[in-house]
Undergrad: 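I have a structure I would like to understand better, so I am pasting it below and will then ask my questions one at a time.
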Amino acid sequence: MSESIAKLADQAARMRQELNKYAYEYYVKDNPTVEDYVYDKLYHDLVAIEEKYPELITSDSPTQRVGGQVLQGFEKVVHDVPLYSLNDVFTKEEIVAFINRVKKELGENVTFVCELKIDGLSITLRYEDGLFVRGATRGDGTVGENITENLKTVRSIPLRLQEPLTIEVRGECFMPKKSFVTLNEKRDEAGQAIFANPRNAAAGSLRQLDPKVTATRNLDTFLYTVVDFGPLHVANQFTALNQLENVGFHVNHERRLCKNVEEIWEYIEEFQERRTTLPYEIDGVVIKVNDFHQQEELGFTVKAPRWAAAYKFPPEEAQTKLLKIEWTI
Ligand SMILES: NC(=O)c1cc2c(=O)c3cc(F)ccc3oc2nc1N
């Protein structure tokens, strides 16, 4: 590589770092430090360099987010570690039973983490030396579909982590409510079938064979699990979530440490109230034992972790029916 090309390569690398930093501030920290036109100008200048010298293009360049070719289909991906589902609970009594069972096995010294249950699609993301190498759907928990090209178009998914980590992380890909309304308005105007809910719209958008279509759907993510938490050097779920955000992932901020059923129920009631005001759909609250060693002690059943429970909100229409019944009595 000649002297001037080497200098250009360095300049392009610095531009990518700057652009990825702006994207992290905007999509992950929700706290942009520059106006959009600054980002757009720098992005435009990087595209100009890469168009002139394609050999300088790297996989983590933001210009590579919207993939090239339309796929014929999705390759199968076998998950080294299965993506389990969660045991659902529907009442406070069932939460009490869950907490009592956990405390019976672990003793009284247990802390729980409550997280919002995002109503999207489970995804798993693999990084090697900090670079995004593969993204897949949950599928049946053991075999999913390789949707890397489509996930690369999701702006909150980092193409390069802030540290050169080799890890696999899991989370939810979802369509924000505002994007869902706009998409359905456009589809309705175009005489196309509209999506029933944001979850279906996200599923339909991730199953597009043409990444250029996925790129228009304004999908977002919240990550919540590190498959092998070794590289992150964290001992519990709460710090794992903080670390996931520090290395570049979008993590939901409404997470809360709870010591007992009362605190858990307080969190549930708060978000049952706030549910309609959130910019994304949730269908409940996930309650997890916080300490990873205690999680390992409890382990898994065939289908679900014994150290977590998903409290499901009553469906909204049922809630209004309930209100009506109370009113007539
Ligand atoms: N939809 C969600 O927002 C959400 C989902 C899961 C899971 O499905 C899940 C499945 C497991 F086997 C273990 C932990 C989990 O944690 C989770 N945490 C969340 N916040």
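FYI, the numbering just counts along the sequence from 1. First listed ligand is number 1; within each ligand, the first listed atom is number 1. In what follows, every heavy atom counts, from backbone to side chain, and hydrogens, waters and symmetry copies are set aside.
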Undergrad: Checking side-chain contact (heavy atoms from CB on, under 4.5 Å) for the pair Lys288/Trp307: CA distance, chi angles, key distance, verdict?
TA: CA-CA 6 Å; Lys288 303 175 185 178; Trp307 42 266; 4.2 Å; yes
Undergrad: Take the angle between the ring planes of Tyr280 and Phe222 and call it parallel below 30°, perpendicular above 60°, tilted in between.
TA: perpendicular
Undergrad: For ligand 1, list the protein residues that place a heavy atom within a distance below 4.0 Å of one of its atoms, sorted by chain and number.
TA: Tyr84, Leu86, Glu115, Leu116, Lys117, Ile118, Glu172, Tyr224, Val286, Lys288, Pro305, Trp307
Undergrad: Enumerate the residue pairs fulfilling salt bridge (charged side-chain N to carboxylate O under 4.0 Å, His left out) with a member in residues 87-99, sequence neighbours excluded, ordered by first and then second residue.
TA: Lys92-Glu262
Undergrad: Going by atom types alone, do Thr58 and Arg16 pair a side-chain donor with an acceptor below 3.5 Å?
TA: yes
Undergrad: What side-chain hydrogen bond (donor to acceptor under 3.5 Å, both in side chains) pairs are there with at least one residue in residues 69-85, not counting sequence neighbours?
TA: Asp80-Arg126
Undergrad: Side-chain donor-acceptor contacts of residues 193-206 below 3.5 Å, not counting sequence neighbours, with atom names and distances?
TA:
residue, atom, partner, partner atom, Å
Asn197, OD1, Arg199, N, 3.1
Asn197, OD1, Asn200, N, 2.7
Arg199, NE, Gly120, O, 3.3
Ser205, OG, Ala201, O, 2.6
Ser205, OG, Arg217, NH1, 2.9

